[in-house]
Amino acid sequence: VSDGIVLHHPAMLRLIPLCWLLVASTAYAHGGYHAIAPGPPGWTLDPWVLGPLGLTTALYAAGFVRLCARRSLWRRAGIFGLAWLVLTLALVSPLHEAGERSFTLHMIEHELIMLVAALLLPLSRPWGVMLWAFPRSMRGALAPGGRWISRWAKPGIATAIQAAMLWLWHAPPLFNRALGHPGWHVAQHLSFLLSALLFWWAMLRTPNRAVAALYLFITSVIGAALGALMALSSSPWYAGYAAMGLMPFGLTPDEDQALAGLIMWVPGGLVHAGAALLLLQRYLGQNAVQTKPCAGTTRRGGINPASANDS
């Protein structure tokens, strides 16, 4: 079954609320401007977060069962489960609430969403399985939708979109607005999640691994540059965190931002650079196999005289 969504088909009208819920759990996790509860950070047991996470799990489980739990799907199911756990860690665990008190912890939350969950979800290819949770008529209507999304899942386009979202939303005017207004924060989280999903899907589906490796290297430089600017800045960028004074772990706002920048700079850059090296290694290995001359032939394609005598 092809993964995707048909936007122009009437059946899509019944799925619009569902699709919104699937992405709303990530966005809604930032409900307001530093509404910090007293005491240590707790779990975010918000129905707008738990609902979509539970719904996606139920749809995947239903589709998995209807496919008779085929052995070929077990590995993908494990990857999907791991992605779900990472999203739950980022959005439901005390890490999320702690991120409202520290930019460093907030950065870790975003890195988990964009670098880990957004990579694992395309690897698990869940939409084909989830489609089987719907009736046959709806499955047939929704299956060809991958063609529309594929127009945007090009390495250059996806890289540009993710880079634009990363830099625009970390600019102080937009980031401060997102911290102060729930609607803007929803838009920020949606932008991060959807652009990262599009980026990793484009990298994974591109047949030319050398091209994918190139754009992964470019992305590592883009993220590292932004992280370096944060880490080396002489003053905090964001008024919401600067106004809090002393941060957790005894850090000042300047130190907290520097540590957050280092997390984006080093671990974030290493993920993209490591993925690029892996794809480049496979690309070079594949080319080496294709260009290796067969035994008993010369480099110009003729018969090796020694081999001919042996025969």
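The shortest non-hydrogen separation linking L120 to A83 is CB-CB, 3.6 Å.
Taking W265 as the reference, nothing meets the side-chain hydrogen bond (donor to acceptor under 3.5 Å, both in side chains) condition, with sequence neighbours excluded. The side-chain hydrogen bond (donor to acceptor under 3.5 Å, both in side chains) check on S102 picks up D256, with sequence neighbours excluded.
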Between side-chain atoms of residues 163-175 and protein atoms elsewhere (two or more places apart, or another chain), which donor-acceptor pairs fall under 3.5 Å?
{"from": "W167", "atom 1": "NE1", "to": "I222", "atom 2": "O", "distance (Å)": "3.4"}
{"from": "W169", "atom 1": "NE1", "to": "S191", "atom 2": "OG", "distance (Å)": "3.2"}
{"from": "H170", "atom 1": "ND1", "to": "L166", "atom 2": "O", "distance (Å)": "2.8"}

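For the atom pair M114 CE and L119 CG, the distance stands at 12.0 Å (nearest 0.5 Å). To the nearest 0.5 angstrom, R125 atom CZ is 15.0 Å from M130 atom CE. In this structure, CD1 in I113 is found 11.0 Å from CG in L121, a value given to the nearest 0.5 Å.
The six-membered or imidazole ring of F192 lies near that of H110, with a centre-to-centre distance under 6.0 Å.
S233 and W237 share a side-chain donor-acceptor pair at under 3.5 Å. Checking H96 against E109 by side-chain atom types alone, a donor-acceptor pair falls below 3.5 Å.
With hydrogens and angles ignored, the 3.5 Å screen pairs no side-chain donor or acceptor of Q162 with any backbone N or O of T159. R76 places no side-chain N or O within 3.5 Å of a backbone atom of L123 that could act as its donor or acceptor partner. Side-chain N or O atoms of Q257 include none that pairs as donor or acceptor with a backbone N or O of P236 at under 3.5 Å.
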M203 vs T219, side chain to side chain contact (heavy atoms under 4.5 Å, CB included): CA-CA, chis, key distance, verdict: CA-CA 11 Å; M203 297 303 110; T219 301; over 6 Å; no
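Counting heavy atoms of neighbouring residues, nucleotides and ligands inside a 6.0 Å radius, atom CZ of R75 does not exceed 12 of them.
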